[in-house]
> 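Let me give you the structure first, and then I'll get to my questions.
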Amino acid sequence: MSENERRTALRRGRPRDNDTTKTVLSAALVLAESGSIADITINHIALYSGIAKSTIYRRWPNVSAVLMDAFFDDIEPLIIYDKQMPVIESMRVTIKKLIEVLQSKRGLLFRYLLGSAQYDAEVREVFVQRWLEPRRQLGKQIILHAIERGEISSNADSGLLLDCIFGAIYYKYMVSFSPITPEFVDKVIDCAFGGLVKN
């Protein structure tokens, strides 16, 4: 199928409202994988998805918001904490799944978003609102559940625990650019929870 034929097929028929978001996010992911992420615009996403720019702007304020939602929508099912598991095991499983994603082709998009957030206030706001804060709240919830179950000490500082764990993970991922092994994740989690687990 030629490029023109592909675009024609994408435009054929007006997507139902409940399909529009998925169509746009899928297009954003394809574009992120196929070229320079920094060069993607709302216009590119509109052309590829067949969704009008005005419709996209009604749902997202900018291209960074689209890309962040595309990334999160894609990986969210893979990185949900299991509240039924002991907190340390749940952390191990979830973070190892996250690492698998970050070290796959999806990781390039994450690196772009995190890197851009260092100097672009607009991207930083989107990154915090759509990634950091939601993930942080989920992490705090599972730690608080563990405290309520008597699994770990009531003195546990959920925010500090998350800072210790994810600070180490993101430093290795974004600063030293070193591979993150399952063994490294285990050591970080054991270190963070050291002395807090009740016997």
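The basis for the numbers below is simple: all heavy atoms, side chains too, and nothing from hydrogens, waters or symmetry mates.
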> Is it the case that one hydrophobic cluster holds both Ile189 and Leu160, taking links as side-chain heavy atoms less than 4.5 Å apart, direct or via other members?
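Unlinked, Ile189 and Leu160 end up in two clusters.
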
> Shortest non-hydrogen contact from Thr23 to Ser49?
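Shortest heavy-atom separation between Thr23 and Ser49 comes out as CG2-O, 3.6 Å.
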
> Between the side chain of Ser90 and the main-chain N/O of Val87, is any donor-acceptor distance below 3.5 Å?
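Absent.
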
> Say you draw a straight line from CD1 of Ile88 to CD1 of Ile143; how long is it, rounded to the nearest 0.5 Å?
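Separation between the atoms: 10.0 Å.
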
> Please say whether more than 12 non-hydrogen atoms of neighbouring residues, nucleotides or ligands are located less than 6.0 Å from OH in Tyr171.
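Counting other residues, nucleotides and ligands, OH of Tyr171 stays at 12 neighbours or fewer.
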
> With side-chain hydrogen bond (donor to acceptor under 3.5 Å, both in side chains) as the rule and sequence neighbours excluded, what pairs involving residues 152-168 come up?
Arg136-Asp163

> Would you say Ile80 ends up clustered with Phe166 if hydrophobic residues are merged whenever their side chains have heavy atoms under 4.5 Å apart, either directly or through other cluster members?
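No: no chain of side-chain contacts under 4.5 Å links Phe166 to Ile80.
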
> Locate the shortest heavy-atom distance separating Ala52 from Ala46; write the atom from each residue and the value.
C-CB, 4.4 Å

> Please identify each residue that fulfils salt bridge (charged side-chain N to carboxylate O under 4.0 Å, His left out) with Asp73, with sequence neighbours left out.
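Testing Asp73 for salt bridge (charged side-chain N to carboxylate O under 4.0 Å, His left out), a comparison that skips the adjacent residues, returns none.
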
> To the nearest 0.5 Å, tell me how far Lys96 NZ sits from Ile169 CD1.
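If we round to the nearest 0.5 Å, Lys96:NZ and Ile169:CD1 are 10.5 Å apart.
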
> If you look at every heavy atom in Ile37 and Ala32, which pair is closest and at what distance?
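The pair with the smallest heavy-atom distance is CG1-O, 3.4 Å.
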
> With side chains defined as the heavy atoms from C-beta onward, is the minimum distance between Leu47 and Asn43 less than 4.5 Å?
yes

> For Leu78 and Lys97, work out which heavy atoms get closest and say how close.
O-CD, 2.9 Å

> Trp131, Val123: one ILVMFWY side-chain cluster at the under-4.5 Å cut-off?
no

> Are Ile95 and Leu138 in one and the same hydrophobic cluster, where Ile, Leu, Val, Met, Phe, Trp and Tyr link if side-chain heavy atoms are under 4.5 Å apart?
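Shared cluster, yes.
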
> Take Leu144 and Gln141 through the side-chain contact (heavy atoms from CB on, under 4.5 Å) test and state the conclusion after the steps.
CA-CA 5 Å; Leu144 291 176; Gln141 287 173 16; 5.8 Å; no

> Do Lys22 and Asp19 have side-chain heavy atoms sitting under 4.5 Å apart?
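No, every pair of side-chain atoms sits at 4.5 Å or beyond.
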
> CD1 of Ile142 to CD of Gln137: how many Å apart, nearest 0.5 Å?
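The CD atom of Gln137 is 13.5 Å from CD1 of Ile142, to the nearest 0.5 Å.
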
> Evaluate the side-chain contact (heavy atoms from CB on, under 4.5 Å) criterion for residues Ile99 and Tyr173: first the C-alpha distance (whole Å), next the side-chain angles of each, then the deciding distance (0.1 Å), finally the verdict.
CA-CA 9 Å; Ile99 296 308; Tyr173 181 71; over 6 Å; no

> Is there side-chain contact between Arg135 and Ile79, with at least one heavy-atom pair below 4.5 Å?
yes

> Within the 4.5 Å heavy-atom criterion, are Tyr112 and Leu67 side-chain neighbours or not?
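Yes, side chains in contact.
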
> Given the rule that I, L, V, M, F, W and Y join up when any side-chain heavy atoms are under 4.5 Å apart, are Ile152 and Met85 in one cluster?
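No; tracing contacts between hydrophobic side chains, which count when under 4.5 Å, never links both residues.
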
> Would you compute the distance between atom CG of Asp82 and atom OG1 of Thr94 and round it to the nearest 0.5 angstrom?
7.5 Å

> When rounded to the nearest 0.5 angstrom, what distance separates CD in Gln103 from CG in Leu108?
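These two atoms lie 12.0 Å from each other.
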
> Can you tell me how far apart NZ (Lys53) and CD1 (Ile42) are? Round to the nearest 0.5 Å.
9.0 Å

> Any side-chain heavy atom of Val66 within less than 4.5 Å of one from Arg59?
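When only atoms from C-beta onward are counted, Arg59 and Val66 do not touch, as no gap falls below 4.5 Å.
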
> Do the side chains of Thr21 and Trp60 get nearer than 4.5 Å, heavy atoms only?
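Trp60 vs Thr21: side chains touch.
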
> So Val101 and Asp74, do their side chains get closer than 4.5 Å, heavy atoms only?
no

> Taking side chain to side chain contact (heavy atoms under 4.5 Å, CB included) as the criterion, tell me which of Val188, Leu162, Val185 meets it with Met91.
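Testing each of Val188, Leu162, Val185 against Met91, the sole residue satisfying side chain to side chain contact (heavy atoms under 4.5 Å, CB included) is Leu162.
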
> Hey, are the side chains of Met68 and Gln129 touching, using non-hydrogen atoms and a 4.5 Å cut-off?
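The answer is no, as the side chains (C-beta and beyond) never meet within the 4.5 Å cut-off.
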
> For Gly159 versus Lys140, what's the shortest heavy-atom pair and its separation?
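Minimum heavy-atom contact is CA-CE, 4.0 Å.
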
> Report the C-alpha separation of Val126 and Asn62 in whole Å, then their side-chain angles, then the decisive distance to 0.1 Å, and conclude whether the side-chain contact (heavy atoms from CB on, under 4.5 Å) test is met.
CA-CA 9 Å; Val126 172; Asn62 50 58; 4.0 Å; yes

> Please verify the inter-ring angle class for Phe110 with Phe127; under 30° counts as parallel, over 60° as perpendicular, anything in between as tilted.
tilted

